[in-house]
Amino acid sequence: MIVYDNATKDALNTRAVSAWAKATGQEVEWYPATDRHKRRDLSDARLRSTLRALPSGKTNGLIGNLPVVPGMRVIVTKNFDVQGGIVNGSIGTLRSLRYDLNERGERRMKSCIIHLPDTTGNCVPGLPLNTVPIMEDATSFIGETRNIWIWR
């Protein structure tokens, strides 16, 4: 779907995740970004809230609260292994995820496993065929650093 702005894209993605949750009888799990300044987590709750509410057009394409439901479809947005088929635009399915809790009790996603049917061969030993891990990543904007997920 082509939309005019990132705020519309973000809203459509959130609605699609909510619809998937409802259709599969699951709850949406929310994973907030971890915003940092000078390598330290932001302690100001109002500032964290403001940053998380910014449209992705102002944060290098990242949303402040990532909605997740196991089994939902995802798109890879970076080229990881061109020969193996793990490329920007690859469509897969979220199989599992790993997270920890921050000091405020919020979930902080560390990695996820997605099934990508168009990959070639066994990408990672120990994982099922056509299944790949996606690790957390970080980017900077307006002098802040935000943890992001490349598969959203």
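Values below: every heavy atom of this structure, side chains too, minus hydrogens, waters and symmetry copies.
- The side-chain hydrogen bond (donor to acceptor under 3.5 Å, both in side chains) search around D44 returns none, not counting sequence neighbours.
- Note that OG1 of T34 is 12.0 Å distant from CG of L51, once rounded to the nearest 0.5 Å.
- Partners of S49 under the side-chain contact (heavy atoms from CB on, under 4.5 Å) rule, at least two apart in sequence or in another chain, do not exist in this structure.
- A search for salt bridge (charged side-chain N to carboxylate O under 4.0 Å, His left out) contacts involving R15 returns nothing, not counting sequence neighbours.
- Among all heavy-atom pairs drawn from T119 and I86, the shortest one is CG2-CG1, 3.6 Å.
- The CG atom of N6 sits 12.0 Å away from atom CG of L54, with the distance rounded to the nearest 0.5 Å.
- With rounding to the nearest 0.5 Å, the separation of OG1 in T77 from CD1 in I75 is 9.0 Å.
- Nearest heavy-atom pair across V28 and P67 is CG1-CB, 3.7 Å.
- Within a 6.0 Å sphere centred on CD of E103, heavy atoms belonging to other residues, nucleotides or ligands number more than 12.
- M72 approaches V68 most closely through the heavy-atom pair SD-CA, 3.9 Å.
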* side-chain contact (heavy atoms from CB on, under 4.5 Å) between L101 and R108, worked out -> CA-CA 6 Å; L101 298 176; R108 182 171 175 256; over 6 Å; no
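- Interatomic distance, CD1 of I114 versus CG of L97, reported as 12.0 Å (0.5 Å rounding).
- Legend: residues meeting side-chain hydrogen bond (donor to acceptor under 3.5 Å, both in side chains) with N65, ordered by chain and number and at least two apart, are absent.
- Between L42 and R104, the shortest heavy-atom distance links the atoms O-NH1, 4.2 Å.
- With sequence neighbours excluded, no residue satisfies salt bridge (charged side-chain N to carboxylate O under 4.0 Å, His left out) with D118.
- Here the side chains of I91 and R73 are in contact, with some heavy-atom distance below 4.5 Å.
- Judged as a side-chain hydrogen bond (donor to acceptor under 3.5 Å, both in side chains), and not counting sequence neighbours, S96 has no contacts.
- Note that the SG atom of C112 and the CG atom of L66 stand 9.0 Å from one another [nearest 0.5 Å].
- Think of V82 as one node in a network of Ile, Leu, Val, Met, Phe, Trp and Tyr side chains linked at under 4.5 Å; its network also takes in V87.
- Among pairs with a residue in residues 83-119, those fulfilling ring pair (Phe, Tyr, Trp, His ring centres under 6.0 Å) read Y31-Y99, at least two apart in sequence or across chains.
- Under the salt bridge (charged side-chain N to carboxylate O under 4.0 Å, His left out) criterion, R107 pairs with E29, not counting sequence neighbours.
- Between V3 and L12 there is a side-chain heavy-atom pair separated by less than 4.5 Å.
- Partners of D41 according to the side-chain hydrogen bond (donor to acceptor under 3.5 Å, both in side chains) rule, which considers only residues two or more places apart in sequence or in another chain, are R36.
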Please list every donor-acceptor pair under 3.5 Å in which a side-chain atom of residues 17-26 meets a protein atom from a residue at least two apart or in another chain.
residue	atom	partner	partner atom	Å
S18	OG	T14	O	3.1
W20	NE1	P70	O	3.2
T24	OG1	W20	O	2.8
T24	OG1	A21	O	3.4
T24	OG1	Q26	NE2	2.8
Q26	NE2	P70	O	3.1

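- A distance of 10.0 Å separates CG of N130 from CZ of R95, quoted to the nearest 0.5 Å.
- Heavy-atom minimum distance, M135 versus S111: SD-CB, 3.7 Å.
- The closest donor-acceptor contact from the side chain of R52 to the backbone of A33 lies under 3.5 Å.
- Sorted by first and then second residue, the side chain to side chain donor-acceptor pair (under 3.5 Å) pairs involving residues 82-94 (not counting sequence neighbours) form an empty list.
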